[in-house]
Amino acid sequence: MSTSEELLPSDLIFEILTRITSLKALDTCKSICKSWNKLIHEPRFMPLYCQRTRNLSGYFILDKDRTHRSGMTRFVSIDQLIEEEEKDCGSVYDVVYMEELLDYLTILASCNQGIFCCLRRRKYYYACKPASRQCQLLLNPEILYQTAAIAIMVLSSSPLRYKIVRLSVGCVEGDVRKYNSEIFDSKIWTWKETQYVTLQRDEFILRSSTTVSAGNSIYWLTSHDNVLAFHEPEGTFQKFPLPEEVVRDKNKYHYCKNWKVYKKLLDYQGRLGLIIICNTQEQGETELWITYENPRNCTNWREKIVMDKENIGTSVTHPSLAGLYNDAVAFLKAFYRFVLYTPEIYSLSRVKGYYNPRHEREIFRFRSDLEPVNLGGDGGTEIGFRW
């Protein structure tokens, strides 16, 4: 690959990469060499990529207010960073249809291939690709206990194969709380019960929007500063703590009346990351921690960077992290607005054309191309629909 890098200048490679319409091909390019991976993760790459390919990248926000009992779903596109006169507005048509479709469904989990696991009428499970207006009715889980956490991951694109990992509330035995676990595999089209997952009696898995899929693993954050991981293809669960400094320093990294702390897991260039916002009205900072490249070395955290040496709380009321869009831009939820935040130059820009986020329930990262897929897998019957 060094020969190709010498023959082609980086500007030309950048131009070629921004015109690759297939997300699968784009992800393959990330693993070819570090320089290509770095180009794809540049702040200016994805807005330009979405503009040229009409692929979608942003966040689905599920909100609930007094007049919409089932909630509404709205899409915030990251290509809003591009000036209006430079944008190709053809994707607006697709966004409207996606929002209309998802108003009938409740998003439970998302993955980086544009596929959601959704629920309708609180009992029917669907696999859904909003960008291509496809839905597929799934078999209901065999375990009927209340869902504690759920995640979806794509194992292959051609043919499409995905798995849904669901944890449900189990029993309490002494000082241990047991969670039932089951996995839906689109290849065999069935749910399969797996091992129990055990946590401390007073420890809980935080809501599904904190779910992260990085590499071949899924991660959830717990209430006791632990990470619960599911590793594919072994099909095993693992629990490990957050960085030792975060767990040990309760004055800095734990919420109290005058000191607000927000923690969120994220996918950082294919590795598990943790971002923490600590602030009051007078002081604060934002830290990013990532794990080493080996996904099995998740217990070995290293601090990447202190992103914000100034206090973002002086400019944004009650900021909380919705997601890290790329290496340089964070998506924040404030009291009356959503903002895009660039720590290196301390830049805050309000997301245009969006409502008051006070009723927001969950925020799901979304990235998708427009290509139709076979959501029914090898075993699904043709009972889905195209919107």
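No hydrogens, no waters, no symmetry mates; every other heavy atom, side chains included, goes into these values. Here the structure is a predicted model, which is why all the values come from computation and not from measurement.
The aromatic rings of Tyr219 and His231 sit perpendicular, their planes meeting at an angle over 60°, well past the 30° parallel limit. Aromatic ring orientation, Phe184 versus Trp191: tilted (interplanar angle from 30° to 60°). Ring geometry for Phe116 against Phe364 counts as tilted: the plane angle lies between 30° and 60°, on a 0 to 90° scale. In this pair, Phe230 and Phe237 present their aromatic rings tilted. The plane angle is within the 30 to 60° band.
Proximity of a side-chain donor or acceptor of Trp189 to a complementary backbone N or O of Leu138 within less than 3.5 Å is not detected. Remark: the backbone N or O of Leu375 is paired with a side-chain donor or acceptor of Tyr162 at under 3.5 angstrom. Side-chain atoms of Thr291 come within 3.5 Å of backbone atoms of Leu272 as a donor-acceptor pair (strictly under, hydrogens ignored).
Between Arg365 and Ser57, the side chains place a donor N or O and an acceptor N or O closer than 3.5 Å (distance only, hydrogens not considered). For the residue pair Arg52/Thr18, the side-chain donor-acceptor check at 3.5 Å is satisfied. Checked by atom type, the side-chain pair Trp220/Thr211 shows a donor-acceptor distance below 3.5 Å. No hydrogens or angles considered: a donor-acceptor pair under 3.5 Å links the side chains of Ser181 and Thr194.
Among residues two or more places apart in sequence or in another chain, the side-chain contact (heavy atoms from CB on, under 4.5 Å) test is passed with Lys24 by Ser22, Ser157, Ser158. Residues passing the side-chain hydrogen bond (donor to acceptor under 3.5 Å, both in side chains) test with Gln146, sequence neighbours excluded: none.
For the salt bridge (Lys or Arg N to Asp or Glu O under 4.0 Å) test with Glu203, the passing option among Lys239, Lys178, Arg177 is Lys239; the others fail. Tested against Ile205 for a side-chain contact (heavy atoms from CB on, under 4.5 Å), the candidates Val169, Leu199, Val197, Leu221 yield a single pass: Leu199.
Arg367 places a side-chain heavy atom less than 4.5 Å from the side chain of Leu23. Counting heavy atoms from C-beta outward, Cys29 and Ile20 have side chains that approach closer than 4.5 Å. Proximity of Val154 to Ile115: side-chain heavy atoms (C-beta onward) are separated by under 4.5 Å at one or more points. Inter-residue side-chain proximity for Leu274 and Trp301 is flagged as met; some heavy-atom pair is nearer than 4.5 Å.
Aromatic rings of Tyr196 and Tyr179 (six-membered ring for Trp) have centroids beyond the 6.0 Å cut-off, not under it.
One finds a salt bridge joining Glu15 and Arg19 here, because a Lys/Arg side-chain nitrogen approaches an Asp/Glu carboxylate oxygen to under 4.0 Å. Residues Lys163 and Glu232 are paired through a salt bridge, judged by an N-O separation under 4.0 Å between the basic side chain and the carboxylate.
Annotation: Asp175, atom CG; neighbour count of heavy atoms from other residues, nucleotides and ligands within 6.0 Å does not exceed 12.
Between the CD1 atom in Ile150 and the CG atom in Leu108 there is a gap of 5.0 Å [rounded to 0.5 Å].
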